[in-house]
Amino acid sequence: MKFYNQQHKYYCGIDLHARKMYVCILNHKGKVVVHENIKTDPELFFELIFSFLEDVVVGVECVFCWYWLADLCSDHKIDFVLGHALYMKAIHGGKTKNDKIDSYKIAMLLKGGNFPTAYPYPAKWRATRHLLRRRMYISRRCSELVAHITNTNTQYNLPAFKKKLSRKYNHDGVAERFDDPEVRKSIEVDLEMINAMNQTLKKLEWHIEKTARQHDYHTLYLLGNLYTQNGPSHLFHAQKQRGIRYETILRSIGLEPEGDSLSPN
């Protein structure tokens, strides 16, 4: 667990939601100077903190809607800290909770050096990371369908499948081994869904690799040679981890990490 412990004149804690955000700003003495509930409007938020831009840090819990706020702070050179949701719950979780109290607690954690940090993923990588997550989601759904077919086969004590059912060319005769027409239809539906998802995955993986090349083709190429499968996943995993693991992965393929840039040895 890492904590944000830098000192500032002002500390801005935000309890962020999809349409509303409760903003609490403390000065270096711990006095509340702003405590308002506003719409999630960039202009409203910037007007609210404009008087404190000299030295302010903004902290928010890692919920699904933090992207725009991080980008806004980055555009205006405002220090932004993303809080680790699980660790924050362990630290400041209590029975009495509301947006006003939560925003104050977040500001106090920032001021006291007890704000557990998460990694704010760079804006230029986020969209491709979302595609990777969709790929993982679809892959898991395919696995669930294969598991259903395998379990159904076991329920009727039929011989085990000798080939991978995730491949279309191994589907011949799979549904026909079941005598009950309703069970056979269920298996046919599973196989049709697997085929459809595999087609979607094929197109998605092609698009992901194309997008990843635009980010860092050289590293992607080296990672693709080092790891024969899921090259883009390793590239983004390395970018996310940073630190020792990030450096170890890069140096193992002949690269020397230099901040956000990569240069061959």
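Computed from a predicted structure; not experimentally measured.
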Next on the checklist: What's the separation between atom CD1 in I14 and atom CD1 in I25, rounded to the nearest 0.5 Å?
Outcome noted: 8.0 Å

Next on the checklist: Against the six-membered ring of Y137, is R140 placed for a cation-pi contact (under 6.0 Å from the centre, within 45° of the normal)?
Outcome noted: no

Item to check | I49 side chain reached by I78 side chain, heavy atoms, under 4.5 Å | outcome: yes

Checklist entry - Parallel, tilted or perpendicular for F178 and Y156, by the 30°/60° rule? => result perpendicular

Item to check | Whether R141 side chain and M193 backbone form a donor-acceptor pair below 3.5 Å | outcome: no

Checklist entry - Is the shortest heavy-atom distance from the side chain of M88 to the side chain of C62 under 4.5 Å? => result no

Next on the checklist: Strictly distance-based, threshold 3.5 Å: is any side-chain N or O of S74 a donor or acceptor partner for the main-chain N or O of A70?
Outcome noted: no

Item to check | Value rounded to 0.5 Å, distance of CD in E47 from CD in E43 | outcome: 6.5 Å

Next on the checklist: So, taking the atom named NZ in K111 and the one named SG in C12, what distance separates them when rounded to the nearest 0.5 Å?
Outcome noted: 15.5 Å

Checklist entry - Out of V57, L110, N27, which residue meets the side-chain contact (heavy atoms from CB on, under 4.5 Å) rule with H8? => result V57

Checklist entry - Is any side-chain heavy atom of M197 closer than 4.5 Å to a side-chain heavy atom of L145? => result yes

Checklist outcome for this item: In short, P120 meets L82 closest at the heavy-atom pair CA-CD2, 3.9 Å

Next on the checklist: Is the ring pair W125/Y121 parallel, tilted or perpendicular, if the boundaries are 30 and 60 degrees?
Outcome noted: perpendicular

Checklist entry - About how many Å separate CG of D15 and CG of D99, when rounded to the nearest 0.5 Å? => result 4.5 Å

Checklist entry - Is there a chain of hydrophobic side chains (I, L, V, M, F, W, Y, each step under 4.5 Å between heavy atoms) that links L69 to F50? => result yes

Next on the checklist: With a sphere of 6.0 Å drawn around NZ of K163, does it hold more than 12 non-hydrogen atoms of other residues, nucleotides or ligands?
Outcome noted: no

Checklist entry - Hey, any chance I106 and M1 share a hydrophobic cluster, counting ILVMFWY side chains that come within less than 4.5 Å of each other, even indirectly? => result yes

Checklist entry - Is I208 reachable from M136 through a run of hydrophobic residues whose side-chain heavy atoms are each under 4.5 Å from the next? => result no

Item to check | Heavy-atom pair with the smallest gap, counting every atom of L204 and R134 | outcome: CD2-C, 4.2 Å

Next on the checklist: Could you check whether any side-chain heavy atom of M21 comes within less than 4.5 Å of a side-chain heavy atom of V60, counting everything from C-beta outward?
Outcome noted: no

Item to check | Test side chain to side chain donor-acceptor pair (under 3.5 Å) applied to D55 and H28, step by step | outcome: CA-CA 10 Å; D55 187 14; H28 66 283; over 6 Å; no

Item to check | Side-chain ion pair, K185 and E182, N-O less than 4.0 Å | outcome: no

Next on the checklist: Looking at every non-hydrogen atom in both residues, tell me the closest pair between S186 and H148 and how far apart they are.
Outcome noted: OG-CE1, 3.5 Å

Item to check | side-chain contact (heavy atoms from CB on, under 4.5 Å) between I194 and H171, intermediate numbers included | outcome: CA-CA 10 Å; I194 291 172; H171 291 176; 4.1 Å; yes

Next on the checklist: Rounded at 0.5 Å granularity, tell me how far CG in L26 sits from OH in Y10.
Outcome noted: 11.5 Å

Checklist entry - Checking side-chain contact (heavy atoms from CB on, under 4.5 Å) for the pair N195/E192: CA distance, chi angles, key distance, verdict? => result CA-CA 5 Å; N195 292 336; E192 290 175 3; 5.5 Å; no

Next on the checklist: Set out, in order, the CA-CA distance, both residues' side-chain angles and the distance that settles ring pair (Phe, Tyr, Trp, His ring centres under 6.0 Å) for F45 and H76, then state yes or no.
Outcome noted: CA-CA 12 Å; F45 174 69; H76 293 281; 9.6 Å; no

Checklist entry - So if you build clusters from Ile, Leu, Val, Met, Phe, Trp, Tyr with side-chain heavy-atom gaps below 4.5 Å, do M108 and F80 land together? => result no

Checklist entry - Backbone N or O of D179 within a donor-acceptor pair of the R184 side chain at under 3.5 Å? => result yes

Item to check | Chi angles and distances behind the side-chain contact (heavy atoms from CB on, under 4.5 Å) call for F161, N170 | outcome: CA-CA 10 Å; F161 296 109; N170 294 332; over 6 Å; no

Checklist entry - Which heavy atom of C65 sits nearest a heavy atom of A18, and at what distance? => result SG-N, 4.1 Å

Next on the checklist: Let me check something: do Y67 and L16 share a hydrophobic cluster, defined by ILVMFWY side-chain heavy atoms less than 4.5 Å apart, either directly or through other members?
Outcome noted: yes

Item to check | Euclidean distance, N153 CG relative to I149 CD1, rounded to 0.5 Å | outcome: 9.5 Å

Next on the checklist: Can you tell me if F46 has over 12 outside heavy atoms packed within less than 6.0 Å of its CZ?
Outcome noted: yes

Item to check | Residue pair N198 / K168, side-chain heavy-atom distance below 4.5 Å | outcome: no

Next on the checklist: Could you check whether atom CD of E54 has more than 12 heavy atoms from other residues, nucleotides or ligands sitting under 6.0 Å from it?
Outcome noted: no

Checklist outcome for this item: Heavy-atom closest pair (P116 atom, F3 atom, distance to 0.1 Å) is N-CD2, 3.8 Å

